[in-house]
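Notes follow once the structure below has been shown.
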Amino acid sequence: MSEILERMRKDMFKAVKDHDQVISGIIQLAIASVKNFEISKGEDVSEEEIIEVLRKESKKLQDSIDQFTSAGRTDLVDSTRIQLEYIKQYLPQMMNLEEIEGFVDSTIKEMGEVSMKDMGRVMGAVMGKLQGKAEGNAVKDIVIKKLS
């Protein structure tokens, strides 16, 4: 069993024991998302796939926060923000812009002479190395800056 999934289950059981329905509910939803992905895939999921599922869930929650904020629903913003922060505990730490820039620089150096038309190749190589530790949009912005 995955290390992340095991940690989530332990945290959920602890929350249930502590009668913390909010936290146990958040974790149950996250575990259900992973299980649904596993069922659709038809086999056990890897640690990377669990991270991918949790990132998608956190992105959905962030989108909800943005929508609730624009609608003036602060009550929903607060509860959704709690969910988002709790799910982020199970995700690896995201890289900062300077670290991403270093990866982009080294990848471009390894690839040799590249231009803007090679952006897809550069992006693929960088994202493959970072394995979900950086936001795609941040990487794209840096790659564009470096290739321009």
Side-chain angles (χ1 to χ4, degrees), residues 1-15 20 22-38 40-41 44-148:
M1 176 179 294
S2 148
E3 191 176 306
I4 294 173
L5 205 50
E6 183 65 31
R7 199 171 101 216
M8 289 171 71
R9 285 198 171 117
K10 285 180 182 177
D11 290 349
M12 183 187 67
F13 290 131
K14 181 181 181 316
D20 190 337
V22 173
I23 299 301
S24 66
I26 293 168
I27 299 171
Q28 285 172 343
L29 288 173
I31 290 173
S33 294
V34 172
K35 283 296 175 191
N36 288 338
F37 179 77
E38 188 173 55
S40 71
K41 186 178 174 194
D44 288 347
V45 292
S46 67
E47 197 83 7
E48 291 79 25
E49 290 169 320
I50 292 172
I51 290 170
E52 183 180 324
V53 169
L54 293 177
R55 284 211 196 284
K56 285 180 182 176
E57 287 301 314
S58 58
K59 182 163 178 25
K60 285 182 203 174
L61 290 169
Q62 185 60 55
D63 291 344
S64 295
I65 289 171
D66 296 342
Q67 290 175 356
F68 295 149
T69 300
S70 66
R73 295 292 311 266
T74 56
D75 56 326
L76 295 174
V77 169
D78 294 340
S79 64
T80 307
R81 191 167 278 133
I82 290 169
Q83 291 176 335
L84 177 61
E85 292 308 312
Y86 210 83
I87 287 179
K88 280 185 175 180
Q89 290 182 61
Y90 300 105
L91 294 171
Q93 185 69 32
M94 296 297 273
M95 298 176 76
N96 64 38
L97 293 176
E98 293 162 355
E99 292 171 318
I100 297 169
E101 197 165 336
F103 268 94
V104 171
D105 286 339
S106 68
T107 302
I108 289 173
K109 187 176 181 181
E110 288 171 12
M111 294 177 84
E113 192 156 326
V114 290
S115 66
M116 197 60 164
K117 65 182 178 184
D118 299 309
M119 183 177 162
R121 282 189 326 119
V122 174
M123 282 292 296
V126 172
M127 293 305 286
K129 287 180 182 178
L130 298 181
Q131 297 182 358
K133 295 178 186 167
E135 287 288 326
N137 286 335
V139 174
K140 182 181 89 176
D141 293 343
I142 292 171
V143 169
I144 289 172
K145 184 176 93 175
K146 297 290 182 177
L147 295 179
S148 297

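- For Lys60, the side chain to side chain donor-acceptor pair (under 3.5 Å) partners two or more places apart in sequence, or in a different chain, are Glu57.
- Taking all atoms of both residues into account, the shortest heavy-atom contact from Ala125 to Thr107 is CB-CG2, 3.6 Å.
- Qualifying side chain to side chain donor-acceptor pair (under 3.5 Å) partners for Glu110, counting only residues two or more places apart in sequence or in other chains: Lys129.
- For the residue pair Ile50 and Ser2, the shortest heavy atom distance occurs at CD1-OG, 3.1 Å.
- Considering all non-hydrogen atoms of both residues, Met127 and Gly136 come closest at CE-CA, 3.9 Å.
- In this structure a side-chain-to-backbone donor-acceptor pair under 3.5 Å is missing from Glu3 to Glu47.
- Checked against side chain to side chain donor-acceptor pair (under 3.5 Å), Asp66 has the following partners two or more places apart in sequence or in another chain: Gln62.
- With sequence neighbours left out, Gln89 forms a side chain to side chain contact (heavy atoms under 4.5 Å, CB included) with Arg7, Tyr86.
- Scanning both residues, Met123 and Val143, for their nearest heavy atoms gives SD-CG2, 3.7 Å.
- Contact of the Thr80 side chain with the Gln67 side chain is not registered, since no non-hydrogen atoms from C-beta on lie closer than 4.5 Å.
- Tested against Val126, the residues Val104, Ile108, Ile142 include a single side-chain contact (heavy atoms from CB on, under 4.5 Å) partner, Val104.
- Residue pairs that meet the salt bridge (Lys or Arg N to Asp or Glu O under 4.0 Å) test with at least one member in residues 111-124, sequence neighbours left out, are Asp118-Arg121.
- Tyr90 places a side-chain heavy atom less than 4.5 Å from the side chain of Ile27.
- Once rounded to the nearest 0.5 Å, the distance linking CD1 of Ile87 with CG of Leu61 reads 5.0 Å.
- A search for salt bridge (Lys or Arg N to Asp or Glu O under 4.0 Å) contacts involving Glu48 returns nothing, not counting sequence neighbours.
- The side chain to side chain contact (heavy atoms under 4.5 Å, CB included) test applied to Arg73 returns Phe68, Ala71, Asp75, Leu76, not counting sequence neighbours.
- By the side chain to side chain contact (heavy atoms under 4.5 Å, CB included) test, Phe37 pairs with Ser40, Lys41, Val45, Glu49, Val53, sequence neighbours left out.
- Sequence neighbours left out, the pairs with a member in residues 136-147 that pass side-chain hydrogen bond (donor to acceptor under 3.5 Å, both in side chains) are Glu101-Lys146, Asp105-Lys146.
- Two residues are said to be in side-chain contact when any heavy atoms from C-beta on lie closer than 4.5 Å; Ile4 and Ile51 meet this criterion.
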Problem set entry | Lys35/Glu38 under salt bridge (charged side-chain N to carboxylate O under 4.0 Å, His left out): CA gap, chis, key distance, verdict | CA-CA 5 Å; Lys35 283 296 175 191; Glu38 188 173 55; 2.8 Å; yes
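- Residues satisfying the salt bridge (Lys or Arg N to Asp or Glu O under 4.0 Å) test with Lys59, not counting sequence neighbours, are Asp63.
- Residue Leu130 holds its CG atom at 11.5 Å from CD of Glu135, rounded to the nearest 0.5 Å.
- Residue pairs that meet the salt bridge (Lys or Arg N to Asp or Glu O under 4.0 Å) test with at least one member in residues 80-91, sequence neighbours left out, do not exist here.
- Minimum interatomic distance between Met8 and Ala30 (heavy atoms only, all atoms of both residues): CE-CB, 3.3 Å.
- Within the model, atoms OG of Ser79 and CD1 of Ile26 stand 8.5 Å from one another, a figure rounded to the nearest 0.5 Å.
- Checked for salt-bridge contact, Glu6 and Arg9 miss the test: no charged N lies under 4.0 Å from a carboxylate O.
- In this view, Asn96 and Glu98, Glu99 satisfy the side chain to side chain contact (heavy atoms under 4.5 Å, CB included) rule, not counting sequence neighbours.
- Contact between Ser24 and Met12 at its shortest, heavy atoms only, is O-CG, 4.1 Å.
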Exercise. Would Met116 and Ile144 satisfy side-chain contact (heavy atoms from CB on, under 4.5 Å), going step by step from the backbone distance to the final call?
Worked result: CA-CA 7 Å; Met116 197 60 164; Ile144 289 172; 3.7 Å; yes
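- Here CG of Leu54 is found 8.0 Å from OG of Ser33. Values are rounded to the nearest 0.5 Å.
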